Undergrad: 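Input: one structure, supplied below.
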Amino acid sequence: MAKKRTYLILFGAQGSGKGTQARLLQDKLGVPQVATGDLFRMHLSQGTELGKLAKSYMDRGELVPDSVTVSMVEQRLAQPDAAKGAIMDGFPRNLAQAEALDALLEKWGTGISAAVYIRLERDELMKRITGRRTCKNCQAVYHVQFNPTKVDGVCDQCGGPVIQRADDADEAAVARRLDIYFEQTTPVIEYYRGKQVLKELDGSLDIDAVGKAMLAAIKPKPARKAAKKPLAKKVVKKASAKKFGLKRL
Ligand code: ADP
Ligand code: ADP
Ligand code: ZN
């Protein structure tokens, strides 16, 4: 029998908070974040052939060709730490990638557990991206205004240098990335809506509130017993405590 795995896809334009939520979810779900942007940046900093190939696309804010991206993701998902699944952040970004992911998971006897779309207005996305700061060491994500480091320029988690990504500093390039996102990724979101696995969240809430809404959206619904009358409030509370693995509320 196929092993139970969790493959969660996070959608949302650049700046919507996918990376921030994916990092928080890793511990809760026990599966790693797989962020294609981070993987490409890692290849870039290590000077691999793949990194060299990806660089020109990344500099222009364009998508790296699908064949390269899909095989990089396949290799990543085959690593031992992803044996129970992964939180996909930044992939799939177009229909070809979505179909490739479906085919891969099918080959492994599994499929998508849920796809979550974090919605945010364009103005707000611009503010989020231009104020974003990233740890050069561990890729932790901060914001100059909304989520600053305790010490200016120093990562809270690893003490590494916190910098602005070059592609986040250029407003014209950011606008271009947003255009590409909405043009190419909107059909993918509709693809998952059609498969009835899509949940939508309001990304304008604070980090904590988005996290709570996310957990509520992705928890599998408990099998419903034929309830004759509406559940009393207390019963609902108890049921959700059980669902989240809490002992008592
Ligand atoms: P952003 O979401 O802000 O564009 P990412 O960190 O997700 O930034 O990605 C950085 C760059 O890496 C992208 O501009 C693109 O060139 C490349 N990239 C990331 N994910 C993909 C993908 N799924 N397909 C193709 N290229 C990608
Ligand atoms: P994405 O991965 O979707 O591009 P990030 O997780 O990198 O987005 O978040 C973009 C920026 O917005 C970061 O600077 C991050 O600290 C900040 N941020 C993320 N979520 C929130 C939120 N709910 N409220 C305010 N700022 C946020
Ligand atoms: Zn760090």
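This is a predicted model, so every value here is computed, not measured. All ligand and atom numbering here is 1-based and tracks the order in the structure.
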Undergrad: Any atom of ligand 1 sitting under 4.0 Å from a heavy atom of Arg60?
TA: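 Arg60: no contact with ligand 1 (<4.0 Å).
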
Undergrad: To the nearest 0.5 Å, what is the distance between CG on Leu29 and CD1 on Ile87?
TA: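 Here the interatomic distance stands at 5.0 Å.
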
Undergrad: Report the member of Arg93, Met58, Gln14, Gln139 with the shortest heavy-atom distance to atom 7 (O) of ligand 1.
TA: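 Answer by nearest heavy atom: Arg93.
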
Undergrad: Have a look at Glu62, Gln184, Arg41 and point out the one with the heavy atom closest to atom 15 (C) of ligand 1.
TA: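 Checking each option, the heavy atom nearest atom 15 (C) of ligand 1 is found in Glu62.
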
Undergrad: As an exercise, identify every atom of ligand 2 less than 4.0 angstrom from a heavy atom of Asp206.
TA: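 Every atom of ligand 2 under 4.0 Å from some heavy atom of Asp206: 23 (N).
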
Undergrad: Which atoms form the tightest heavy-atom contact between Pro32 and Gly85, and what is the distance?
TA: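 Looking at all heavy atoms of both residues, the closest pair is CD-O, 3.4 Å.
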
Undergrad: How far is atom 27 (C) of ligand 1 from the closest protein heavy atom, and which atom is that?
TA: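 The closest one turns out to be Phe40 CE1, 3.6 Å.
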
Undergrad: Please determine whether any non-hydrogen atom of Gly12 lies less than 4.0 Å from an atom of ligand 2.
TA: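 No; Gly12 lies far enough from ligand 2 that no heavy-atom distance drops under 4.0 Å.
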
Undergrad: Show the nearest heavy-atom pair for residues Arg128 and Ser204, with the distance to one decimal.
TA: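 So the minimum-distance heavy-atom pair works out to NH2-CA, 4.2 Å.
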
Undergrad: Closest non-hydrogen protein atom to atom 3 (O) of ligand 1, residue and atom name please, with distance?
TA: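 Among all protein heavy atoms, the one nearest atom 3 (O) of ligand 1 is Arg177 NH2, 2.4 Å.
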
Undergrad: So which heavy atom in the protein is nearest atom 21 (C) of ligand 1, and how far is it from that ligand atom?
TA: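 Among all protein heavy atoms, the one nearest atom 21 (C) of ligand 1 is Thr36 OG1, 3.6 Å.
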
Undergrad: Would you call Asp208 and Lys212 a salt bridge, using N to O less than 4.0 angstrom?
TA: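 Salt bridge: yes.
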
Undergrad: To the nearest 0.1 Å, how far is atom 23 (N) of ligand 2 from its closest protein heavy atom, and which atom is that?
TA: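 In this structure, atom 23 (N) of ligand 2 has Leu205 O, 2.8 Å as its nearest protein heavy atom.
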
Undergrad: Using distance alone, determine whether Val64 and ligand 1 share an N or O pair under 3.5 Å.
TA: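 Checking ligand 1 against Val64, an N or O pair does fall under 3.5 Å apart.
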
Undergrad: Contact between Ser204 and ligand 2, counting heavy atoms under 4.0 Å?
TA: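 So Ser204 does not count as touching ligand 2.
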
Undergrad: Quick one: look up the protein heavy atom nearest atom 24 (N) of ligand 1 and list residue, atom name and how far away it is.
TA: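 Among all protein heavy atoms, the one nearest atom 24 (N) of ligand 1 is Gln97 NE2, 2.9 Å.
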
Undergrad: Please classify the Ala35 to ligand 2 contact at 4.0 Å (heavy-atom distances, strictly less than): side chain, backbone, both or neither.
TA: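 No part of Ala35 comes within reach of ligand 2.
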
Undergrad: Tell me the closest heavy-atom pair linking Gln14 and Arg177, and the distance in Å.
TA: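 Looks like NE2-O, 3.4 Å.
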
Undergrad: Using non-hydrogen atoms of the residue, decide whether Lys18 is closer than 4.0 angstrom to ligand 1.
TA: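 Under 4.0 Å: no for Lys18.
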
Undergrad: Below 4.0 angstrom, N of the basic side chain to O of the carboxylate: do Asp167 and Arg176 qualify?
TA: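 So Asp167 does not pair with Arg176 through a salt bridge.
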
Undergrad: Where is the tightest heavy-atom contact between Gly12 and Tyr181, given as atom of each residue plus distance?
TA: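 Here Gly12 and Tyr181 meet closest at N-OH, 2.8 Å.
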
Undergrad: Measure Thr69 to ligand 1 on non-hydrogen atoms and call it side chain, backbone, both or neither using the 4.0 Å cut-off.
TA: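 Under 4.0 Å from ligand 1, Thr69 contributes side-chain atoms alone.
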
Undergrad: Write out the residue and atom name of the closest protein heavy atom to atom 2 (O) of ligand 2, then the distance separating them to 0.1 Å.
TA: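 For atom 2 (O) of ligand 2, the nearest protein heavy atom comes out as Gly19 N, 2.8 Å.
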
Undergrad: Under 3.5 Å between some N or O of ligand 2 and some N or O of Gly15?
TA: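 Yes: some nitrogen or oxygen of Gly15 is under 3.5 Å from one in ligand 2.
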
Undergrad: Identify whether the distance between the nearest side-chain nitrogen and carboxylate oxygen of Asp170 and Arg165 falls below 4.0 Å.
TA: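 No, Asp170 and Arg165 are not salt-bridged.
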
Undergrad: Considering non-hydrogen atoms of the protein only, which is the closest contact for atom 8 (O) of ligand 2, and what is the distance?
TA: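 Residue, atom and distance for the closest contact: Gly17 N, 3.1 Å.
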
Undergrad: Please name the pair of heavy atoms, one in Ser56 and one in Leu53, separated by the smallest distance, quoted to 0.1 Å.
TA: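 What the structure gives for the nearest pair is OG-O, 3.7 Å.
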
Undergrad: Starting from atom 6 (O) of ligand 2, which protein heavy atom do you reach first, and at what distance in Å?
TA: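 Among all protein heavy atoms, the one nearest atom 6 (O) of ligand 2 is Thr20 OG1, 2.6 Å.
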
Undergrad: Hey, is ligand 1 close enough to Asp38 that some N/O pair sits below 3.5 Å?
TA: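 N/O-N/O distance under 3.5 Å: no.
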
Undergrad: Enter the distance from Leu39:CG to Met42:CE here, rounded to the nearest 0.5 Å.
TA: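 Here the rounded value is 5.5 Å.
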
Undergrad: Return the closest protein heavy atom for atom 9 (O) of ligand 1 as residue, atom name and distance.
TA: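 The protein heavy atom lying closest is Gly37 CA, 3.5 Å.
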
Undergrad: One thing to verify: whether Arg76 and Asp38 come together as a salt bridge, which I'm taking to mean a side-chain N less than 4.0 angstrom from a carboxylate O.
TA: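 No, this pair does not count.
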
Undergrad: Could you tell me which atoms of ligand 2, counted from 1 in the order shown, lie closer than 4.0 angstrom to a heavy atom of Asn147?
TA: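 Checking each atom against Asn147, I get 16 (O).
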
Undergrad: At what distance is the nearest protein heavy atom to atom 11 (C) of ligand 2, and which residue and atom is it?
TA: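 Scanning the protein heavy atoms, the shortest distance from atom 11 (C) of ligand 2 goes to Arg128 O, 3.6 Å.
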
Undergrad: Could you report the tightest heavy-atom contact between Arg193 and Glu190, atom names first, then the distance?
TA: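 Of all heavy-atom pairs spanning Arg193 and Glu190, the closest is NE-OE1, 2.9 Å.
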
Undergrad: Rounded at 0.5 Å granularity, tell me how far CG in Asn94 sits from OG1 in Thr185.
TA: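 If I round to the nearest 0.5 Å, the distance is 7.5 Å.
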
Undergrad: Within the 4.5 Å heavy-atom criterion, are Thr20 and Val210 side-chain neighbours or not?
TA: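 Of all side-chain heavy-atom pairs linking Val210 with Thr20, none is under 4.5 Å.
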
Undergrad: Polar contacts were defined as any N/O atom of the residue lying under 3.5 Å from an N/O atom of the ligand; does this apply to Asp167 and ligand 1?
TA: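 So ligand 1 has no N or O lying under 3.5 Å from an N or O of Asp167.
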
Undergrad: Going from CG on Leu105 to CD on Glu74, what distance comes out if it is rounded to the nearest 0.5 angstrom?
TA: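 It is 10.0 Å, given to the nearest 0.5 Å.
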
Undergrad: Are Tyr192 and Phe11 an aromatic pair by the rule of ring centers under 6.0 Å?
TA: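 When the ring centroids of Tyr192 and Phe11 are compared, they turn out to be within the sub-6.0 Å range.
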
Undergrad: Between Ile207 and ligand 2, which part of the residue brings a heavy atom under 4.0 Å of the ligand: side chain, backbone, both or neither?
TA: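 Near ligand 2, Ile207 shows its backbone as well as its side chain.
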
Undergrad: Please list, in number order, the atoms of ligand 2 under 4.0 Å from a heavy atom of Ala13.
TA: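 Near Ala13, meaning under 4.0 Å from one of its heavy atoms, ligand 2 has 3 (O).
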
Undergrad: Enumerate the atoms of ligand 2 whose separation from the nearest heavy atom of Phe146 is less than 4.0 angstrom.
TA: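 Near Phe146, meaning under 4.0 Å from one of its heavy atoms, ligand 2 has 25 (C), 26 (N).
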
Undergrad: Show me which atoms of ligand 2 lie under 4.0 Å from any heavy atom of Tyr142.
TA: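 It comes down to these atoms of ligand 2: 13 (C), 14 (O), 16 (O).
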
Undergrad: If the cut-off is 4.0 Å to any non-hydrogen atom of Arg132, which atoms of ligand 1 fall inside it?
TA: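 Within the 4.0 Å cut-off of Arg132, ligand 1 contributes 3 (O).
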
Undergrad: Out of curiosity, Arg93 CZ to Ile180 CD1, how far, rounded to the nearest 0.5 Å?
TA: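 Taking CZ in Arg93 and CD1 in Ile180, the distance rounds to 9.0 Å.
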
